[in-house]
Amino acid sequence: MSWNDSVTEPTRRPTRSTYIPPYLRTTASNNTTPFGSQTDFSSGPRFSAPNRGRGHGGGRGRWGQNRQFHDRPTNANPFDLVEKFDELEVVEDGNVGQGINFDAYEDIPVETSGSDIPPAVNTFAEIDLGKALNENIRRCKYVRPTPVQRHAIPIALAGRDLMACAQTGSGKTAAFCFPIISGIMRNPKSMSVPVWGGRGGGGVAYPLALILSPTRELSCQIHEEAKKFSYQTGVKIVVAYGGAPISQQLRNLEKGVDILVATPGRLVDMIERERVSLRMIKYLALDEADRMLDMGFEPQIRRIVEQMGMPRPGPRQTMLFSATFPTEIQRLASDFLSNYIFLAVGRVGSSTDLIAQKVEYVQEMDKRNYLMSLLHAQSANGAYGKHALTLVFVETKRGADALEHWLCMNGFPATAIHGDKVQMERERALKSFKTGVTPLLVATDVAARGLDIPHVAHVINFDLPKDIDDYVHRIGRTGRAGKSGLATAFFSDKNMPLAKSLVELMVEAKQEVPPWLTQYAESSSTYGSSGRGRRYGGGKFGGRDYRNSSQYNSGDDYNYTQYADSYAVSDSYAAATSSAFPYDATPNSAYYAGGGIDSNAVGSRGYNFDQEGIVASGWE
DNA sequence: AAAAAAC
């Protein structure tokens with residue numbers, strides 16, 4: 001595949017003066033890496049420096065003059081810093097030489113629609129991502145692309161817009177990062193050089209790629225991942241999010257930025273301060289795109305994408321990733337896309353077989369005592385501590401504080417994370433949880449999506465969420481890295497509206513449903529269930545391209561009529577999901593649950609991907 | 001109705 005052809009003429013950012021080729025950019029710390037002291041000047045692309053451009057960035061700031069490569073900040077080796085790396089080594093050592101049955105990939109249902117869809121690849125070797133990126137893939141111990149990567153990367157490398165449906169944990173960060181990094185390296189002339197900043201002076205940074213995510217911690221995580229992928233590529237990644245001093249983030253921007261990872265608020269702030277311009281954005285990725293486009297976020301995202309100088313769809317390549325794409329969200333999202341390809345990998349919105357889901361009927365007033373006995377039983381089993389973390393979700397920030405306090409008063413090493421805490425507390429809580437210092441974390445939905453926290457053995461929905469998709473995201477924090485997980489929900493009278501979809505989800509995941517819950521589900525479904533308070537109408541777990549629904553029916557290979565009918569007769573989760581994949585609509589079919597190559601499903605099929613390091617390296 | 005996201 002000659003995606004090379006699709007690469008556009010190199011563009012130069014408006015205000016720049018000194019060009020530093022990539023192979024000079026990353027040499028400063030080469031000798032300190034554990035991956036050899038090679039300073040392989042031949043590995044970088046050779047090209048001549050472009051003409052110097054006169055700065056015209058709105059009169060603000062200038063690019064550096066004659067900045068030498070040794071002036072650049074030392075490039076810390078992310079493979080050293082990320083603690084996951086140690087786990088990778090352990091995992092690998094313990095499992096050397098085991099065969100992997102990659103035929104299992106073939107069973108994953110995949111739906112693509114759109115025009116001229118580039119074929120999927122089976123190996124990274126089939127894709128020319130470049131030497132540096134291939135090295136990083138090796139360092140990350142990604143042996144084979146995950147299913148979403150197999151499909152999404154060729155699509156993205158072909159320059160196509162993409163709406164991709166794959167559950168968190170299916171390797172989507174890499175799926176959009178690899179093509180972005182590769183694309184930027186293919187246009188070396190456009191790569192950043194440091195902004196001449198000076199104290200308070202402030203230049204304008206012109207990132208080529210923008211990755212937006214809904215929470216600060218998720219942006220940090222993406223940044224950490226992306227740094228690993230871009231190691232020694234010369235591609236510079238900067239993260240910007242609120243709650244942290246803006247000064248340091250601005251300084252980071254001044255050192256040069258190709259890819260900006262950000263939360264929306266801080267990004268808008270920086271744009272308004274004229275410290276960031278979106279004028280040169282070539283790649284836009286929205287992680288957790290359905291969340292980014294829900295009621296709370298949509299106006300802000302629309303403003304960023306449509307009203308702050310970003311190039312239009314077409315000149316800009318846009319990639320949306322999410323576990324779920326409700327029809328209504330797809331409709332909104334299509335404003336940002338041009339001739340896009342829709343991709344759904346795995347059973348969309350489904351949870352995984354290896355997460356055992358329990359639902360207990362617990363009255364509000366009994367919840368604390370019930371939690372206490374649960375935790376006592378847990379610690380008696382030894383299922384507790386550094387490698388058996390318990391994540392407790394509550395509905396409100398106040399509730400999180402109260403429960404944290406109560407747990408601590410009762411001798412449990414708990415901490416809490418929610419949006420009313422200052423960022424430092426949030427980060428401290430997360431770290432303390434991750435490291436097992438406080439193996440109990442009470443959290444609001446701030447921690448529900450995307451976060452990759454190894455060793456979460458138990459997710460407790462102390463308060464159930466209102467929406468079943470939030471439930472799916474929450475329980476997806478456990479059962480990772482091939483380990484089994486447990487999810488316990490406290491179901492109270494307040495949760496009656498959730499009964500139906502919860503039962504359907506559990507049936508789908510082959511979980512034992514308590515009879516009382518089935519009864520609730522049936523009684524709640526007798527009235528108002530179909531077409532009622534579903535935020536986005538039918539197809540909430542839209543694993544299907546909305547363009548293929550009736551009014552868009554252009555007649556390709558799907559049976560749209562049947563699909564539409566299934567929504568008409570049943571507004572159910574099961575109907576939505578089982579109709580998502582025409583290849584195998586059998587409810588009990590053993591394809592990977594949860595989108596992509598979910599480690600749990602893999603494990604349940606008897607394949608252990610840990611040995612390849614794929615699972616343990618963090619897929620979010 | 002809550003949560004998230006700027007200062």
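The structure displayed is predicted, hence computed values, not measured ones. A note on names: the letters A, B, ... follow the listed sequences, proteins ahead of strands, and every chain is numbered from 1.
The two residues A/L464 and A/E395 have their closest heavy-atom pair at O-OE1, 3.3 Å.
At the phosphate of B/dA6, OP1 or OP2 sits under 4.0 Å from a side-chain N or O atom of A/T263. For the pair A/K397 and B/dA4, the criterion of a side-chain N or O lying under 4.0 Å from OP1 or OP2 is met. Side-chain N/O atoms of A/R449 include none lying less than 4.0 angstrom from OP1 or OP2 on B/dA5. Phosphate proximity of B/dA4 to A/R216: absent, as no side-chain N or O sits under 4.0 Å from OP1 or OP2.
Judged by distance alone, the side chains of A/Y283 and A/R316 never bring a donor and an acceptor atom under 3.5 Å apart.
Nucleotide B/dA6 holds its P atom 17 Å from the CZ atom of A/R275, rounded to whole Å. When rounded to the nearest whole Å, the span between CG of A/N461 and P of B/dA2 equals 18 Å. The interatomic distance linking A/R273 (CZ) with B/dA6 (P) rounds to 12 Å, in whole Å. Per the geometry, CG belonging to A/D287 stands 14 Å off P belonging to B/dA5, to the nearest Å. Whole-Å rounding puts the A/L464 CG to B/dA2 C1' distance at 14 Å. Atom pair A/D467:CG and B/dA3:P shows a separation of 14 Å (rounding to whole Å applied). Atom pair A/Q300:CD and B/dA3:P shows a separation of 18 Å (rounding to whole Å applied). As a whole-Å value, the separation of A/K494 NZ from B/dA1 C1' is 10 Å.
Only at 4.0 angstrom or more do the heavy atoms of residues 399-407 of chain A sit from any atom of DNA chain B, so none qualifies.
Residue A/V268 is out of contact with every strand shown, counting any heavy-atom pair closer than 4.0 Å. Across all strands shown, A/G296 has heavy atoms under 4.0 Å from base atoms, whether or not it also approaches the sugar-phosphate.
Checked against salt bridge (charged side-chain N to carboxylate O under 4.0 Å, His left out), A/D335 has the following partners two or more places apart in sequence or in another chain: A/R302. Residues passing the ring pair (Phe, Tyr, Trp, His ring centres under 6.0 Å) test with A/Y340: none are found, sequence neighbours excluded. For A/F297, there are no ring pair (Phe, Tyr, Trp, His ring centres under 6.0 Å) partners two or more places apart in sequence or in a different chain. Listed by chain and number, the residues in a ring pair (Phe, Tyr, Trp, His ring centres under 6.0 Å) with A/W516 are A/Y361, A/F491, A/Y520 (sequence neighbours excluded).
Pairs of residues two or more places apart, or lying in two chains, never qualify as salt bridge (Lys or Arg N to Asp or Glu O under 4.0 Å) while including a residue from residues 317-327 of chain A.
When distances are taken from the side chain of A/E272 to each of B/dA4, B/dA2, B/dA6, the shortest belongs to B/dA6.
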